[in-house]
Enquirer: 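One structure coming up, written as structure tokens, with questions to follow.
Numbered from 1 within each chain, the chains take letters A, B, ... in sequence-line order.
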Amino acid sequence: MARPHIEPFVETDVAWKKMTLPGFGRGMRYKILSLDTDTGACSMKVMLEPGYRQPPGMSYSEMELFVLSGSVTVGDQVHGPGFYFFVPAGVAMPALSAPRGAQLLMFYNYGEPSFVESDSDHAGAERHRYSVVNSYEGMSWTSTNFYPATAPGCLVKVLRFDQRTQAFTFLYCMTANFWQDNISYHDCAEESYHIWGTSWMMQFGDLPTGGYFWRPPYINHGAFACKYGTLALGRTDSQLYNHFHFNPWTTPEENLERAASRMQHWKPDLYKWVATGDHNHPVDFEYPGDHGHAHGDVPHHHGDHNVAHSHGPKRRRMRK
Amino acid sequence: MKLIRHKRSREAERWLKQEIREQKTRYRKIVAEQDALAPQREKWIAAFLERIQTRGFNVHADMLRKIPVEEIPQKPRRRFKVVF
């Protein structure tokens, strides 16, 4: 069932556990924040004890890492609080150590946490997507550029943006006395960890420092308020659009239907095209090999005008 | 490539089963806590519905619209929940 709705969860009430998965060094402790029950993809808070060491190596899954406190030495570079790493699957990172200890957020996006010792990349690794950002000192706060927008006083720093899915990872802050009187939902899953501060939502109450949520699409949240300010790390799995309204009692199903109806009015030609039976399998000419759909008996095409066909079981190649 | 195909080790399978069990427990606790918050939430909702009539509803950024009383939604009879 992928990840359940975990909201709100305050990790400061929970004990650290020793990391027992193969490959990880001694002195790594963790708390699971949320977990995909099918793939093992997960978000974790991690503590590296002083003296922790890990040789050069890679993960099977795409991974993101954010330094909350202390510092990690990667290769010969020291990275303190606010440093963010995006590490594609199979990209070998240099040796990592935490001479004085560190606390991190780690996100394994497509599989369970893994570490394979290696000083070279996997053959399929996309090294060019690897990035390191100093989010506290190397970036400026900007207004959110989502339309309709959040109320003034909510600012962001975008740490990573996926051009294909529009998923993004961002720091956000709410200034003291922030308030926003609407209810929001999105077409994407949304995740947040409160690095510092307490904010309030009408459905869930206060979310303090160490508070966390993983919220699947179409779930109501808001109104919003924040008395003394908040700093948080957020992530989405696709494009974030603010569907605002003021009915506290709508269900995710009603919200989804409203979103579809809105799309029908905003992009009538596209909606009509997609809704026509044999157009449910669009191909992006920029990504011709990437279909990302469930093959079934539904007639569809591959952008090659071969419309009414389906993918049955794979056929074996005949030997000549 | 977002994931390199690999066979999950026995240790990883065991780890995943254990974490799934613990997440189920966490989820049930969250649901119980949120159910217990229902009376307070009713008050917050009443205050919100009042504010959007007097101060306004945030349509976009600081653009506010005062909602007339006839547009204020009524609570449906079905069970209301916030965690899904």
Enquirer: In terms of heavy-atom proximity below 4.5 Å to chain B, should S61(A) be classed as side chain, backbone, both, or neither?
Expert: both
Enquirer: Within a reach of under 6.0 Å around CZ of R262(A), are more than 12 heavy atoms found that belong to other residues, nucleotides or ligands?
Expert: yes
Enquirer: Please flag which part of A41(A) lies under 4.5 Å from any non-hydrogen atom of chain B: side chain, backbone, both or neither.
Expert: neither
Enquirer: Would you mind checking which part of P8(A) comes under 4.5 Å of any heavy atom in chain B, side chain (CB onward), backbone (N, CA, C, O), both or neither?
Expert: both
Enquirer: Of all the heavy-atom pairs spanning E19(B) and I32(A), show the shortest one and how long it is.
Expert: OE1-CG1, 3.3 Å
Enquirer: Which pair of heavy atoms, one from F48(B) and one from M202(A), lies closest together, and at what distance?
Expert: CB-SD, 3.4 Å
Enquirer: Which bit of R79(B) comes within less than 4.5 Å of chain A, counting heavy atoms only: side chain, backbone, both or neither?
Expert: neither
Enquirer: Which bit of L35(A) is near chain B, if near means a heavy-atom gap under 4.5 Å: side chain, backbone, both or neither?
Expert: both
Enquirer: List the atom of F204(A), the atom of V82(B), and the distance in Å for their closest heavy-atom pair.
Expert: CE2-O, 3.6 Å
Enquirer: Side chain, backbone, both or neither: which part of M58(A) has an atom under 4.5 Å from a heavy atom of chain B?
Expert: side chain
Enquirer: Side chain, backbone, both or neither: which part of N109(A) has an atom under 4.5 Å from a heavy atom of chain B?
Expert: neither
Enquirer: So what's closer than 4.5 Å to chain B heavy atoms on P22(A): side chain, backbone, both or neither?
Expert: side chain
Enquirer: Heavy-atom pairs under 4.5 Å with chain B: which of H122(A), R215(A), Q180(A) has the most?
Expert: H122(A)
Enquirer: Is it true that E254(A) and R78(B) make a salt bridge, defined as a side-chain N closer than 4.0 Å to a carboxylate O?
Expert: yes
Enquirer: Apply salt bridge (charged side-chain N to carboxylate O under 4.0 Å, His left out) to the pair D13(A) and K29(B), showing each step before the final yes or no.
Expert: CA-CA 13 Å; D13(A) 303 338; K29(B) 186 166 177 272; 5.5 Å; no
Enquirer: Search all heavy atoms of N58(B) against all heavy atoms of F244(A) and return the closest pair with its distance.
Expert: O-CD1, 3.9 Å
Enquirer: For H245(A), which atoms come within 4.5 Å of any heavy atom of chain B: side chain, backbone, both, or neither?
Expert: backbone
Enquirer: With a 4.5 Å cut-off on heavy-atom pairs, point out which of K2(B), E11(B), H60(B) contacts chain A the most.
Expert: K2(B)
Enquirer: Is it the side chain or the backbone of S114(A) that comes within 4.5 Å of chain B heavy atoms, both, or neither?
Expert: neither
Enquirer: Where does the angle between the aromatic ring planes of Y30(A) and W15(B) fall among parallel (under 30°), tilted (30 to 60°) and perpendicular (over 60°)?
Expert: tilted
Enquirer: Run the side chain to side chain contact (heavy atoms under 4.5 Å, CB included) check on T37(A) and K24(B) step by step: do they pass?
Expert: CA-CA 10 Å; T37(A) 55; K24(B) 277 184 185 162; over 6 Å; no
Enquirer: Do the non-hydrogen side-chain atoms of V116(A) and H6(B) ever get within less than 4.5 Å of each other?
Expert: no
Enquirer: Below 4.5 Å, heavy-atom pairs only: which of Q40(B), M63(B), R26(B) has the largest tally toward chain A?
Expert: R26(B)
Enquirer: If you compare all heavy atoms of P73(B) against all heavy atoms of W249(A), which two are closest, and at what distance to 0.1 Å?
Expert: O-CZ3, 3.5 Å
Enquirer: So what's closer than 4.5 Å to chain A heavy atoms on I30(B): side chain, backbone, both or neither?
Expert: side chain
Enquirer: Quick one, M1(B) and P88(A) - any side-chain contact, counting heavy atoms below 4.5 Å?
Expert: no
Enquirer: Among D62(B), L37(B), L3(B), L64(B), single out the residue with the greatest number of heavy-atom pairs under 4.5 Å to chain A.
Expert: L3(B)
Enquirer: With a 4.5 angstrom heavy-atom cut-off, could you sort out which part of F84(B) is near chain A: side chain, backbone, both or neither?
Expert: both
Enquirer: Is it true that the NZ or CZ of R55(B) lies under 6.0 Å from the centre of W179(A)'s six-membered ring and within 45 degrees of the ring axis?
Expert: yes
Enquirer: Non-hydrogen atoms of chain A under 4.5 Å away: do they reach the side chain of V31(B), the backbone, both or neither?
Expert: neither
Enquirer: What part of E7(A) lies closer than 4.5 angstrom to a heavy atom of chain B: side chain, backbone, both or neither?
Expert: backbone
Enquirer: With the threshold set at 4.0 Å, does a side-chain nitrogen-carboxylate oxygen contact exist between E22(B) and K17(A)?
Expert: yes
Enquirer: Are the side chain of R8(B) and the backbone N or O of E112(A) linked by a donor-acceptor pair below 3.5 Å?
Expert: no
Enquirer: Working to the nearest 0.5 angstrom, can you tell me the gap between Q203(A) CD and K81(B) NZ?
Expert: 14.5 Å
Enquirer: To the nearest 0.5 Å, tell me how far I72(B) CD1 sits from F246(A) CZ.
Expert: 6.0 Å
Enquirer: Can you tell which part of T250(A) gets under 4.5 Å to a heavy atom of chain B, answering side chain, backbone, both or neither?
Expert: backbone
Enquirer: Around atom CD of E257(A), are there more than 12 heavy atoms of other residues, nucleotides or ligands at under 6.0 Å?
Expert: no
Enquirer: What are the two closest non-hydrogen atoms of I52(B) and D181(A), and how far apart are they?
Expert: CG2-O, 4.1 Å
